[in-house]
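None of these values were measured; they are calculated from a predicted model.
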Amino acid sequence: MSGKKGCIVRNQRNKNQPLFLTFILRTFDKNFAQLQHLPLGADIYWSYAMCRIVKEKRKHMGKESVILPPYYWGVNHCTGSFPGTFSLKPETMRQVLFEIFENVKDFSFRQVYCFNYHGDSCHVNSIIETIKEVNEKLDLSVKLVVNAMDLPLYGWRGDENFLLVVDPDYPVEWFEEEEPSEHGLQDIHAGAFETAVLHYFCPELVDLETAEQLVSSSLNEEGMEKWLQGGSVIREAAPLGYAGNPAGHRAVAKHVAEMLDMQVENIVSQMRL
């Protein structure tokens, strides 16, 4: 009897607490393990760490939050050809997510913020389609936390009700390339920025010595086309699984802490509860 009563009290409280959901396991080809500089679960470590610091920030403000256990499986259209990279069909992912959100509703949560750092468009679109469906059918308020600079990639305006757009006023000089050879190229996967962020969150899991020995594989226009095709052709653009300049992490690392602080402040300021 007391257990049931405890559940009732907890569920009443849940209505006034946001829930954080993190996404995706990502890996590199184990055939190139000697060149690998990041952990297999880079995306999930990043998203979970962001949830923790957002939760901590809210706690200092006297507001409670709950972090849902990570959702590890997603769509890997671009990198799926590398052994060890698991990938679901979009319809499978959407069904599993929908059922997770059904559980969330049963737990009496009403607001959910999804943190995802796996940029595969098929994966992101699967999340968004599910969010739209659950917001309509389950009467939840679910939003994907997304950086403003990524809006054009998906054709979003930024005012959609399924998004929380992170758009701090970063100093322009933080994004100026220090390496002239990188000008005009896309560092999108396990490059300078991701290496710096992961080292900030999980230094024991990042091999900086290896990272600094890796030759840049940042993508030009042709490389981006191959990357987006996915399948075996991606190896022509990123033969070792990374698409960026890991050795450039030092330039980014100088601003990582400030950048993340600004992001957290911006995210928390937009949360309704």
Under 4.5 Å between any side-chain heavy atoms of Tyr113 and Val54, yes or no? no
Tell me the closest heavy-atom pair linking Asp187 and Ala192, and the distance in Å. OD2-N, 3.0 Å
How about CZ on Arg272, more than 12 heavy atoms from neighbouring residues, nucleotides or ligands closer than 6.0 Å, or not? no
Under 3.5 Å donor-acceptor, His249 side chain and Ala196 backbone: no
side-chain contact (heavy atoms from CB on, under 4.5 Å), that's the test. Do Lys143 and Val112 meet it? Break it down for me. CA-CA 6 Å; Lys143 295 179 182 290; Val112 186; over 6 Å; no
Considering all heavy atoms of both residues, which atom of Leu138 and which atom of Lys105 are nearest to each other, and what is their separation? O-NZ, 3.1 Å
Taking Ser217 for the side chain and Tyr242 for the main chain, is one N or O donor matched with an acceptor at less than 3.5 Å? yes
My understanding is that only residues two or more places apart in sequence, or in another chain, count here; which of them pass side-chain contact (heavy atoms from CB on, under 4.5 Å) with Glu225? Glu221
Closest non-hydrogen contact found for Ile44 with Tyr72 is CG1-CE2, 3.9 Å
So which heavy atom on Lys226 is nearest to which on Glu236, and how close? NZ-OE1, 2.9 Å
Would you call Arg52-Glu56 a salt bridge at under 4.0 Å N-O? no
With a 4.0 Å cut-off, would you call Lys132 and Glu129 a salt bridge? yes
Looking just at side-chain N and O atoms, do Glu212 and His37 make a donor-acceptor pair shorter than 3.5 Å? no
Can you give me every donor-acceptor pair (side chain of residues 86-97, partner residue at least two apart or in another chain, under 3.5 Å) with its distance?
{"residue": "Ser87", "atom": "OG", "partner": "Asn76", "partner atom": "N", "Å": "2.8"}
{"residue": "Gln95", "atom": "NE2", "partner": "Glu99", "partner atom": "OE2", "Å": "2.7"}

Are Val268 and Lys63 close enough, and set up right, to give a side-chain contact (heavy atoms from CB on, under 4.5 Å), and what steps lead you there? CA-CA 10 Å; Val268 170; Lys63 299 180 179 181; over 6 Å; no
If you count every heavy atom of other residues, nucleotides or ligands that lies below 6.0 Å from Lys57 atom NZ, does the total exceed 12? no
N/O donor to acceptor pairs below 3.5 angstrom from side-chain atoms of residues 144-156, sequence neighbours left out:
{"residue": "Tyr154", "atom": "OH", "partner": "Gly119", "partner atom": "O", "Å": "3.1"}

